[in-house]
> 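Sharing a structure, written as structure tokens. Questions coming.
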Amino acid sequence: MTIDNLKQSGPDSKLPRVNWAKIEEAENFAKTVKLYRQGKIDHDNFRRFRLQHGAYGTRMTDDYAMVRIKIPAGEIYPIQLEKIAQLSETFSIGSAHISTRQNIQLHWVVLEDVSEIMRGLSEVGLTSREACGNTVRNVMCSPLAGVCHDEEFDTTPYAIATAKFLLRNPLNQNLPRKFKFNFTCCEKHGMARMVDVGLIPVTREIDGKTQRGFKIFLGGGLGNKSFVGHHLEDFTPEEDLLYTSIAVLRIFDRMGNRKNMARNRMRYLVDEMGWEKFQNLVLKERAIVRATQSVIVKLDVDNTPNDIKRPITVSDEDGKSTPEGYSRWLKTSAFKQKQDGYHSVFVNLEAGDITANQLNALAKICREFSAEGFARNGFSQEIVLRWIHESDLPRLYSNLLEAGLAKPGTLSMASPIGCSGTTSCNLALTNSHRLAKEIQRKFLELKLDEDDELRDSTIKISGCPNSCGQHEIATIGFYGGGGRVGNDMYPSYQMSLGGRSDRETMLGVICMRVPAKRIIPVILKIIEIFKKNKQSEDTLSSWINRVVKGNENSEIRSVNDFKQILAPLVVSPTKESDADFYLDYGSDTNYHTITGKGECAA
Amino acid sequence: MCCLSKENIKSVTTDADVLRSEIRDKSVRVIDVRREEDYKKTHIPTSVNMPLANLLSDDSPERVVKLVNALGIDDETSVVVYDDTFGALASRVAWTLEYLGHNDVSLLDMTFGQWNSLGLETDSKIPSIESKNHSLKLRPEIMATADYLEKAKEKDDVILLDNRERLNFLEQHIPKAVNIPYRSLGTSEKILRPKEDMKRLFENRGIEPDSEIITYCGSVGTLSGLAYYALKSVNHSNLKLYVRSFKEWKNLKKPIDKQENAHYWDLSAE
Ligand code: SF4
């Protein structure tokens with residue numbers, strides 16, 4: 001693949017290192033849509049085709065699609081941001097959405113326009129191919145890979161190579177179900193245990209030489225039923241990365257459940273078979289793969305270091321004083337890199353949404369400030385600008401502020417994750433997306449982003465029992481459903497507590513149902529109870545962790561104790577006394593649950 | 001040399017080079033539809049000013065023809081219109097001239113801003129104009145009224161285009177309308193996409209050249225005016241502009257459709 005034919009916009013714009021696109025796919029897509037509309041292709045076949053090309057169905061309609069643009073390893077270049085800005089204004093709603101899997105999504109696109117988007121994407125080397133459907137989805141990589149203090153080596157080149165190897169590979173065109181790879185930098189960042197294949201870089205010394213490899217976790221995942229991944233072996237040398245991946249995919253392809261939609265992710269196969277058996281199978285299959293494929297197949301890992309060049313700044317001291325809010329913003333937005341003097345800056349987006357104008361502004365800011373010349377999508381619906389020189393931070397802040405992109409609190413509890421919910425997803429029961437925004441606004445208003453004891457806690461919200469919002473790994477997690485008083489329904493959420501995705505990954509413990517319009521008071525009350533009962537070293541997350549494990553000795557000893565204290569807050573009022581209680585966020589009509597056919601909206 | 005003689009009907013857009021040579025030859029009347037204060041500061045040399053707001057304050061044919069006369073335009077005058085609003089305001093003015101019965105009108109293929117950024121000549125001189133006499137031969141076949149629209153849209157070979165932005169369309173639109181947001185008609189350099197791209201866009205959306213097409217937008221027919229010319233640029237000929245657009249439709253309490261059961265507004269970061 002070459003990138004020579006990619007259009008260049010700014011003079012000092014770095015060009016993408018990989019061209020993921022294939023223009024023929026746009027033409028083919030347009031043709032296929034026509035055949036489908038003429039009734040020459042049946043619905044199921046078309047649906048499979050559409051998903052494989054990254055176009056997902058939209059809530060309650062056949063006319064619109066959501067286009068999911070794959071951003072392998074999250075690496076996104078300024079010209080790509082600009083193109084997506086243009087496409088969102090032209091064919092979508094004028095905003096784009098950054099997903100929790102580093103994709104960028106364009107919603108409410110007319111199905112007949114999807115091919116035009118694909119065309120536009122191909123001009124900047126992007127694709128939506130295999131972003132949905134029963135394929136290997138976007139290969140993720142920690143946004144801190146390469147700059148994290150605790151990492152053994154930068155996994156980005158391995159993530160990119162894996163994505164390159166798998167994209168359009170016959171091996172993964174028709175799996176029993178979707179399949180996900182996550183590369184991380186270290187134990188703390190990223191989610192190696194919550195995915196089909198999770199990889200953490202490790203090294204070992206052999207005969208005085210350092211050897212690179214991975215700690216591989218298999219069969220994890222969030223969903224209606226969630227599982228924590230199993231550790232395959234002590235050390236998987238880098239040469240075995242590809243063979244292991246192929247082996248696992250082949251086993252899943254062969255043995256995965258193709259009949260029962262609800263149990264066809266690989267984690268169920270692992271669960272049914274038992275880990276030891278599955279593990280053995282993988283090791284055996286890998287031996288076969290290694291023996292039969294070693295000559296032909298190799299991962300194309302490009303370990304050439306990124307070209308790091310600090311952009312020339314006109315003048316650092318332009319006489320302006322640092323705008324207000326800088327230190328508050330800095331505290332929860334900047335991550336000190338392992339490279340002296342440089343920071344990675346996490347740009348806060350409400351529930352991952354960003355306007356076309358902001359995308360354009362961000363492209364410009366990226367060119368001007370990032371010494372690596374491109375950005376990375378994060379894991380929590382944010383965009384990360386890396387390699388920002390310390391002395392440029394105040395000026396960067398001013399620029400972000402001007403673009404409306406300088407909200408504080410990205411790396412804190414004040415940035416909840418919300419899946420798309422009833423804004424576009426067929427399966428949604430509640431407007432989880434808006435709820436996330438409402439919570440964020442309240443947290444910032446109360447300046448809770450500045451509270452150090454809340455910093456490492458998370459709030460994550462899904463609009464239904466599926467887990468696109470990752471609620472099970474949140475300190476406080478919610479998933480949507482309907483509640484009822486007599487004949488009247490109201491939007492409501494199941495709350496779970498104590499989930500986490502680090503070394504001690506665990507799923508949150510179900511606590512109680514909370515009506516949508518009571519969620520903010522309930523969260524604030526939990527914080528209040530924590531403040532009253534905590535010990536001096538506690539953070540909210542460490543304290544809740546003790547509670548859910550039964551190791552806490554204060555008035556709250558279990559999730560049940562929470563229930564009792566919170567009970568008065570969740571009592572349903574009559575419709576006459578509080579009509580708003582019966583409306584979902586963003587809606588002025590009576591709440592009722594209504595869903596269409598799901599296509600799995602991760 | 002007959003084949004080289006000037007055609008009766010001008011092409012939809014005029015590019016900068018052609019316009020510059022026409023200005024040199026004094027064979028064109030250029031209309032700037034921006035606000036008066038902007039026009040006074042700087043404009044394309046020899047252009048005259050007809051702010052869209054002024055035109056819209058009373059766009060009865062009798063008044064408009066007076067305005068046109070005052071700008072020195074008669075039936076034979078070749079006219080090129082430009083704006084700084086991606087061609088939408090210019091389109092509305094050009095369409096009005098067509099409606100009066102003027103044949104020879106086209107749009108500058110770029111905005112004033114783009115003209116400026118290419119470093120092309122500008123001027124602040126206001127030309128003195130000799131008034132002319134334009135005839136009034138209205139062309140009702142390019143205009144749709146609410147009543148006409150209501151009946152026509154029930155026919156199979158009539159397509160109704162809504163050129164507002166997607167979220168506004170989802171929120172409310174005239175039943176059966178097809179949404180092609182005005183943004184999809186142009187590029188960052190030109191007010192209209194290249195012909196081939198434009199054709200493909202309409203074809204994909206099932207908008208065939210032999211249908212009758214009625215365009216509308218939010219209130220005064222600017223965005224839909226641009227769509228009118230976008231369609232014209234790829235040889236659609238049976239076109240009507242619903243000038244009073246959605247604002248009137250709503251005021252008349254005519255039926256409105258909505259995309260139900262989804263909270264799409266909450267996806268916007270505006
Ligand atoms: S399917 Fe996924 S995106 Fe849709 S509401 Fe459920 S959790 Fe949210």
> Would you say CD of A:E402 has more than 12 non-hydrogen atoms from neighbouring residues, nucleotides or ligands within 6.0 angstrom?
no

> Using 0.5 Å steps for rounding, measure from the CG atom of B:N179 to the CG atom of A:D63.
11.0 Å

> If you count heavy-atom pairs under 4.5 Å between each of A:K31, A:R119, A:H592 and chain B, which one has the most?
A:R119

> Which atoms of A:E116 come close to chain B, meaning under 4.5 Å heavy atom to heavy atom: side chain ones, backbone ones, both, or neither?
side chain

> More than 12 heavy atoms of other residues, nucleotides or ligands under 6.0 Å from NZ of A:K364: is that the case?
no

> Need one label for A:V109: side chain, backbone, both or neither, based on atoms under 4.5 Å from any heavy atom in chain B.
backbone

> With side-chain contact (heavy atoms from CB on, under 4.5 Å) as the test, would you mind laying out the steps for B:T187 and A:Q86 before giving the verdict?
CA-CA 9 Å; B:T187 67; A:Q86 187 211 335; 5.9 Å; no

> Non-hydrogen contacts under 4.5 angstrom with chain A: give the residues of residues 263-270 of chain B involved, or none if there are none.
B:H263, B:Y264, B:D266, B:L267, B:S268, B:A269, B:E270

> Contact part of A:Y585 toward chain B, heavy-atom cut-off under 4.5 Å: side chain, backbone, both or neither?
backbone

> A:Q358 versus chain B, heavy atoms under 4.5 Å apart: side chain, backbone, both or neither?
side chain

> Hey, which residues of residues 234-250 of chain B are touching chain A, say heavy atoms under 4.5 Å apart?
none

> Relative to chain B, which of A:L349, A:V33, A:D113, A:T589 shows the most heavy atom pairs under 4.5 Å?
A:D113

> Are there residues of residues 191-213 of chain B that reach to under 4.5 Å of chain A by heavy atoms, and which ones?
B:R193, B:R200, B:L201, B:E203, B:N204, B:R205

> Rounded to the nearest 0.5 Å, what's the gap from CD on B:Q259 to CH2 on A:W108? Could you check?
4.5 Å

> Taking CD in B:E171 as the centre, count heavy atoms belonging to other residues, nucleotides or ligands within less than 6.0 Å. Is the count above 12?
yes

> Please identify, among A:N357, A:I354, A:T61, A:V110, the residue contributing the most non-hydrogen atom pairs under 4.5 Å to chain B.
A:V110

> So what's closer than 4.5 Å to chain B heavy atoms on A:R37: side chain, backbone, both or neither?
neither

> Can you tell me which portion of A:I594 sits under 4.5 Å from chain B's heavy atoms? Options are side chain, backbone, both or neither.
side chain

> Heavy-atom cut-off 4.5 Å, strictly under: side chain, backbone, both or neither for A:S92 against chain B?
backbone

> Measure A:S95 against the heavy atoms of chain B and call it side chain, backbone, both or neither at under 4.5 Å.
side chain

> Report which part of B:L185 has an atom under 4.5 Å of a heavy atom belonging to chain A: side chain, backbone, both, or neither.
neither

> Chain A contacts: which residues in residues 152-169 of chain B have a non-hydrogen atom closer than 4.5 Å to it?
B:R166, B:L167, B:F169

